[in-house]
Every structure is written in structure tokens, then in C-alpha cells.
Amino acid sequence: MGLAGPARNDFAARLEKTGEFVDGQALAPEGAWVRYDGEGRPPVTDGPFAETKDLIAGWMVIDVDSYERALAAAIDHSEAAGLLVLMLLHHARRATRVAPDGSLVPLAEQDRGRWDTGSIDEGVGILQAALARDRLGEFQAQAAIAALHADAPTAEETDWVQIVEWYDELTRLTDSPVVRLNRAVAVGEADGPRAGLAALAALDSALPRHTAVAAYLHERDGDPARAARLYAEAAHKAPTLAERDHLTRQAARLNARR
């Protein structure tokens with residue numbers, strides 16, 4: 001299971017007391033597609049847009065007497081439940097995240113009728129049970145945000161006010177600059193692009209995807225020329241070919257309207 005931080009250490013300590021803990025390794029800074037925010041801070045597992053989520057990695061080995069005990073141990077860790085919910089909710093959108101030509105499909109443009117409602121319902125049920133235990137962790141907060149996206153019948157009906165509140169919780173848990181970048185996007189949706197740009201202005205412009213977020217918010221604020229320039233700039237900084245192509249298309253789309 002991919003777990004990190006104090007919650008993982010507490011979980012391992014409980015298993016050590018029962019003699020069931022064997023070995024484990026948390027998320028590593030050098031792990032593929034895991035962003036490192038600095039000493040003492042947990043690796044960041046997501047980006048400011050739902051279609052650019054990073055991968056996560058990490059493991060723990062336990063020695064138990066039965067399959068049932070293994071399941072009970074996993075359920076005992078609320079962050080394991082949060083991670084499972086994230087996997088279920090992202091898997092539910094898998095068929096709609098990429099177009100047939102390989103291009104990224106932003107969350108707002110995905111065909112929600114093709115989302116796997118069974119996985120969404122299962123994930124929301126697990127999340128509700130985990131949150132009821134009042135042991136909030138980073139993965140649960142991320143899962144709550146993903147659940148709010150998954151629960152919205154249309155992009156326009158997304159409860160961005162609640163999403164901002166969950167990003168506030170996530171910021172409290174991690175104090176991650178990338179989480180704050182995510183929050184700026186959510187603020188821009190909940191309170192308008194000017195509010196989002198104000199939140200963005202407080203962040204380091206060198207943050208990965210900062211320029212892409214600025215482009216999006218300036219476009220929503222009615223400044224297509226500036227947004228097009230920023231999209232083009234962000235494309236040059238994109239960490240993947242698919243993201244670069246997506247941002248390049250956004251710049252071309254706005255330039256074509258001029």
C-alpha cells in the first residue's frame with residue numbers, strides 16, 4: 001500500500017507491537033512522477049488539474065495469519081481507505097481521460113455518461129466510512145475532492161465551495177505549495193477568476209504548472225491574448241508530451257479567435 005507521513009508511522013508502530021510488521025518504504029523523492037516539496041514535507045501526489053495526476057509509489061510488507069486479517073489491517077488504516085478511494089474514483093474516469101488520438105481530455109469536457117458509476121459509488125461509500133472515524137489524512141482529503149468532482153452530474157454543477165474547503169484541510173495537513181496551487185484553481189472556480197489570480201499571486205511562479213494555471217485563470221477573466229501567451233509558455237515547461245500538446249492546442253485555440 002502506498003502510504004507516507006505520520007499516519008503511516010503510527011500504523012507501522014501498531015503492527016510492530018503485534019509482531020506483524022516486516023518492512024516498508026514510504027514514497028521516495030526520486031520515485032517516478034512523485035514531486036518532492038522539500039525536507040520534512042510529504043511527496044505531492046497530484047497536480048492542479050484532474051487530468052495531470054501524478055503517480056504514487058511505496059510499500060509495506062506485513063506477516064499475518066490469514067487473508068481476513070490482512071483485510072482488517074488495511075481497513076484499520078484510514079489512509080489506506082483514502083488511497084483506495086482515490087484509485088477507484090480515478091479508475092472510474094479512465095475511459096474518458098484520453099481521446100482516441102491520445103490527447104488529454106480535461107475533466108470538464110469528459111463524457112460523464114461513460115464514467116463507471118459502480119466504482120464511484122463504491123469509492124464514496126468507503127470514503128464516508130473512513131471520514132466517520134475522524135482520523136483525517138492527506139489521501140482522505142484528496143479522495144473527498146475527487147468524490148465531489150465525481151458526484152457532479154455536470155461540470156457546471158461541481159460544488160467548488162466544498163472543494164475549496166477540502167483544499168484548506170489539505171493545506172493544513174501538508175502545507176504543500178502544490179496543494180496551494182490546486183487551491184488557487186478551485187478558488188477561481190468558486191469565487192471567480194480574479195480571486196483565483198489573487199491566490200495564485202501569493203505563490204512562487206517557479207512552481208510546476210504555475211504558468212498553466214495562470215493561463216487558465218486569465219482566460220476565464222476575459223484576457224485571451226495574455227492567456228494564449230501563457231499557454232504557449234506553459235507548453236514549453238510541460239513535463240509530458242501529452243500535456244505539452246494539450247497546452248499548445250489551448251494557445252492555438254485562443255490565437256485563432258483573434
Side-chain angles (χ1 to χ4, degrees), residues 1-15 24 26-27 34 37 41-50 53-56 58 60 62 68-94 107 112 115-155 157-176 178-187 189-191:
M1 58 183 68
L3 306 170
R8 175 192 179 279
N9 295 335
D10 291 344
F11 182 53
R14 293 199 300 273
L15 292 173
L27 297 172
V34 174
D37 274 348
R41 291 181 173 179
V44 174
T45 60
D46 69 338
F49 300 109
K53 295 293 179 183
D54 294 336
L55 301 178
I56 55 179
M60 181 182 291
I62 62 175
E68 289 75 17
R69 170 55 188 153
L71 287 178
I75 292 171
D76 183 55
H77 195 304
S78 55
E79 279 293 75
L83 181 58
L84 174 58
V85 174
L86 274 175
M87 293 170 64
L88 285 168
L89 295 179
H90 289 311
H91 177 73
R93 297 192 296 105
R94 184 176 182 180
L107 180 61
R112 294 173 186 238
W115 287 1
D116 183 346
T117 56
S119 292
I120 292 172
D121 290 344
E122 181 181 1
V124 169
I126 294 170
L127 176 63
Q128 289 174 338
L131 292 175
R133 301 175 69 183
D134 198 25
R135 287 159 55 183
L136 184 64
E138 177 184 357
F139 288 135
Q140 287 180 72
Q142 288 189 35
I145 293 168
L148 286 166
H149 282 297
D151 191 50
T154 66
E157 295 174 88
T158 303
D159 191 340
W160 286 105
V161 172
Q162 274 204 67
I163 288 175
V164 171
E165 292 173 356
W166 276 110
Y167 271 123
D168 289 340
E169 289 287 346
L170 194 51
T171 299
R172 180 181 61 80
L173 289 167
T174 69
D175 194 29
S176 162
V178 177
V179 169
R180 293 181 184 276
L181 187 66
N182 297 350
R183 182 182 180 278
V185 176
V187 168
E189 298 289 354
D191 301 325

(request) For this output row, return yes or no: ring centroids of Trp115 and His91 closer than 6.0 angstrom. (result) no
(request) Decide side chain to side chain contact (heavy atoms under 4.5 Å, CB included) for Leu88 and Leu84; before the verdict, give the C-alpha distance in whole Å, the side-chain angles of both, and the deciding distance to 0.1 Å. (result) CA-CA 6 Å; Leu88 285 168; Leu84 174 58; 4.1 Å; yes
(request) Would you please test Arg183 and Leu170 for side chain to side chain contact (heavy atoms under 4.5 Å, CB included) and show each step? (result) CA-CA 9 Å; Arg183 182 182 180 278; Leu170 194 51; over 6 Å; no
(message) Between Thr158 and Trp160 (side chain of the first, backbone of the second, donor and acceptor by atom type, cut-off under 3.5 Å), is there such a pair?
(response) no
(request) Identify the two heavy atoms, one from Leu89 and one from Ala143, that lie closest to each other, and give their separation to 0.1 Å. (result) CD1-O, 3.8 Å
(request) Mind running side chain to side chain contact (heavy atoms under 4.5 Å, CB included) on Arg112 and Leu107 for me, showing each step along the way? (result) CA-CA 9 Å; Arg112 294 173 186 238; Leu107 180 61; 4.2 Å; yes
(request) Could you grab the distance from atom CD of Gln142 to atom NE2 of His90, nearest 0.5 Å is fine? (result) 7.5 Å
(request) Please round to the nearest 0.5 Å and tell me the distance separating atom CG of Asp121 and atom CG of Asp151. (result) 9.0 Å
(message) For Val164 versus Ala190, what's the shortest heavy-atom pair and its separation?
(response) CG2-CB, 3.9 Å
(request) Find the distance between CD1 (Ile145) and OH (Tyr167) and round it off to the nearest 0.5 Å. (result) 4.0 Å
(message) Nearest 0.5 angstrom please: Ile126 CD1 to Leu83 CG, how far?
(response) 11.0 Å
(request) Considering non-hydrogen atoms only, spot the tightest contact between Gly123 and Val85 and give its length. (result) O-CG2, 3.3 Å
(request) Output the distance between atom CG (Leu136) and atom CH2 (Trp166), rounded to the nearest 0.5 Å. (result) 5.0 Å
(request) Enter the distance from Asp159:CG to His149:NE2 here, rounded to the nearest 0.5 Å. (result) 10.5 Å
(message) So does Ala144 get a backbone contact from the side chain of Gln162, meaning a donor-acceptor N/O pair under 3.5 Å?
(response) no
(message) Under a 3.5 Å distance rule, please check whether Arg93 uses its side chain to pair with a backbone N or O of Ala150 as donor and acceptor.
(response) no
